[in-house]
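Here the structure is laid out as structure tokens; the discussion comes afterwards.
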Amino acid sequence: MQEERLGDNMVFRYVKFTGRELNPRRFGEREPTLEEVYRSYVQRELKIDAREYIMVRIRGEIVSTNKVVDETLWLDKNTYDYAKNVLGPKKIYYEAHEGVTFTAAKGAWVVLGQPEPVQLPGCVSCVRVQTQLSRELNIGPFIIERDYVFKGFKGEDIEVGYIKSYRYFIAAYNRNGSPLSEKQLASTLLWRNYIQKIINTIQCTSKHLKKMPWHLERMKKKAFAKYKVVWRDVAKEFIPAVVDDGAVPDYTVNYIVTSSLEEAHYLLAILLAPQINAVVRELSPWIGHVQPRFIRYFKIPKYDPKNRVHRELTRIGKEICSRRSIGQSQKREIEDLVEKL
């Protein structure tokens, strides 16, 4: 590995040999000489793959918290040359979040199928449901308040531009993202007909980010936001969609809350930019996920409806969501517009 400099950036040239083994056991328990290595190369027993990697420092201020992000990336020079104009924001206007863990706790909260509306005296809106856990414990379908059943989705439910399917889950939470207290929960059908029957089981599951057994990890007000741009966590590049009904993302989904549908379409288009996804495709195999922090690496201005470039990106994002696909011409258009950001 050889070190150089490219302007203010450090460059490493990484040389990889493939083919004949060069370890000591092939050379009488000694290291091969340079002459032996060269001879193997001349005889085509070795192949050499030389790549240059650029050190990219990401240092910017998160506008909402005034926190300074300071990270270092190593990118293949070709990727860097392609994406350098969109890397390294000074101001970070958008923060991404990991979704809610409603599929854990042995399936205690995941509803099987659709909630079935029922009419009961004294219950304004109730539903009959069954969960994965209740079925395993041979607890028959039970009736709870409709207010504690939420619409959600997992990463595998997301395709480019749309969410192909939804699922329902139970949560002892108010619609503002706050959990029910013990006193509040005790007066509900949710407690009497279900949670008290499974409390011993869920007490034995993960307590990460939980104060009470019925709490869910990262179940907060922002998870209920009406407008969000969301994407799969496990993927090679951004696979984004737009939420406009407040559906709750699972922990296999990352998301950004937006103030309007237009802003969500704007961000969706940016996340599909070829130069941005060139960087993500290089990082994701090392990390294994398209993480929320990736958003911090790119120059994404705050949405401004008066800005022509922003309006054009919004238009394209809306078209992609309407058609549920993205064409090559749209990718080229997004690529050009993102360069102008």
Can you confirm whether Ile295 sits close enough to Tyr297 that some side-chain heavy atom of one is under 4.5 Å from a side-chain heavy atom of the other?
no

Aromatic rings His97 and Tyr255: how do their planes relate, parallel, tilted or perpendicular, breaks at 30° and 60°?
tilted

Using salt bridge (Lys or Arg N to Asp or Glu O under 4.0 Å), reason through Arg296 and Glu95 one step at a time and then give a plain yes or no.
CA-CA 7 Å; Arg296 304 172 180 178; Glu95 272 282 90; 3.3 Å; yes

Please report the shortest heavy-atom distance between Pro292 and Ala96, naming the atom on each side.
O-CB, 3.5 Å

Between Pro117 and Pro115 the two heavy atoms that sit nearest each other are CD-O, 3.5 Å

Scanning both residues in full, the closest heavy-atom pair of Ala171 with Leu216 reads CB-CD1, 3.8 Å

Would you call Ile199 and Pro213 a side-chain contact if the rule is heavy atoms closer than 4.5 Å?
yes

Are any of the side-chain nitrogens in Glu98 or Arg218 under 4.0 Å away from the carboxylate oxygens of its partner?
yes

Distance-only donor-acceptor check, side chains Tyr82 and Glu335, under 3.5 Å:
yes

Single hit among Ile144, Leu189, Ile170 for side chain to side chain contact (heavy atoms under 4.5 Å, CB included) with Val127
Ile144

Pair Arg315, Glu312 - check salt bridge (Lys or Arg N to Asp or Glu O under 4.0 Å), show working.
CA-CA 5 Å; Arg315 174 186 61 79; Glu312 285 297 295; 2.9 Å; yes

Indicate whether the side chain of Thr252 and that of Arg232 have a donor and an acceptor atom separated by less than 3.5 Å.
no

Gln43 CD: over 12 foreign heavy atoms closer than 6.0 Å:
yes

When you compare the side chain of Ile326 with that of Ile334, does any pair of heavy atoms fall below 4.5 Å?
yes

Any side-chain heavy atom of Pro240 within less than 4.5 Å of one from Leu272?
yes

Within 6.0 angstrom of Lys220 NZ, more than 12 heavy atoms from elsewhere:
no

Assess the pair Phe238 and Trp231: is the distance between their ring centroids shorter than 6.0 Å?
yes

Tell me, do Leu180 and Lys183 make a side-chain contact under 4.5 Å, heavy atoms counted?
no

Between Asn307 (side chain only) and Val309 (backbone N and O only), is there a donor and an acceptor less than 3.5 Å apart?
yes

Hey, does the side chain of Arg167 reach the backbone of Val111 with a donor-acceptor pair shorter than 3.5 angstrom?
no

Using a 6.0 Å cut-off, check whether atom CZ of Arg175 has over 12 heavy atoms from anything other than its own residue.
yes

Would Glu61 and Asn66 count as having a side-chain donor-acceptor pair, cut-off 3.5 Å?
yes

Sidechain N-carboxylate O distance under 4.0 Å for Lys77, Asp81
yes

Quick one: do Val234 and Ile256 end up in the same hydrophobic cluster if we chain Ile, Leu, Val, Met, Phe, Trp and Tyr together by side-chain heavy atoms under 4.5 Å apart?
no

Going by atom types only, do Asp304 and His310 share a side-chain donor-acceptor pair under 3.5 Å?
no

Does a side-chain heavy-atom distance below 4.5 Å link Glu159 with Arg324?
no

Indicate yes or no: at least one non-hydrogen side-chain atom of Glu217 is less than 4.5 angstrom from one of Val100.
no

Checking Lys197 side chain against Ile139 main chain: does a donor-acceptor pair fall under 3.5 Å?
no

Does Leu271 offer a backbone N or O that forms a donor-acceptor pair with the side chain of Asn277 under 3.5 Å?
yes

With no hydrogens and no angle check, is any side-chain donor or acceptor of Glu145 less than 3.5 Å from a backbone partner on Leu190?
yes

How about Glu339 and Gln275: does a side-chain donor come under 3.5 Å of a side-chain acceptor?
yes

Count I, L, V, M, F, W, Y as connected when their side-chain heavy atoms are under 4.5 Å apart, and connections chain through other members. Are Val257 and Val253 then in the same cluster?
yes

Hphob cluster co-occupancy, Leu112 + Tyr168, side-chain heavy atoms under 4.5 angstrom:
no

With distance as the sole criterion, is a donor-acceptor pair present between the side chains of Glu282 and Thr79 under 3.5 Å?
yes

Residues Glu71, Arg59: salt bridge by 4.0 Å N-O rule
no

Electrostatic pair Lys151-Asp245, nearest N-O below 4.0 angstrom
yes

Between Pro179 and His215, what is the shortest heavy-atom contact and its length?
CB-NE2, 3.5 Å

Does some side-chain heavy atom of Trp109 sit less than 4.5 Å from a side-chain heavy atom of Thr131?
no

For atom CD of Gln203, is the number of surrounding heavy atoms from other residues, nucleotides or ligands below 6.0 Å larger than 12?
yes

With sequence neighbours left out, the residues meeting ring-ring contact (aromatic ring centres under 6.0 Å, His included) with Tyr194 are Phe142

Can you tell me how the ring of Tyr266 sits relative to the ring of Tyr303, calling it parallel under 30°, perpendicular over 60° and tilted otherwise?
tilted

Please report the C-alpha distance between Phe150 and Phe224 in whole Å, then the side-chain angles of each, then the deciding distance to 0.1 Å, and finally whether the ring-ring contact (aromatic ring centres under 6.0 Å, His included) criterion is met.
CA-CA 10 Å; Phe150 298 84; Phe224 294 89; 5.4 Å; yes

Tell me the closest heavy-atom pair linking Lys154 and Asp157, and the distance in Å.
N-OD2, 2.7 Å

A quick test of your reading: do over 12 heavy atoms of other residues, nucleotides or ligands sit less than 6.0 Å from CZ of Arg308?
no

Distance-minimising heavy-atom pair for Ala264 and Thr258
CB-OG1, 3.6 Å

Flag the pair Lys302 and Glu263 as a salt bridge only when some basic side-chain nitrogen lies within less than 4.0 angstrom of an acidic carboxylate oxygen.
yes

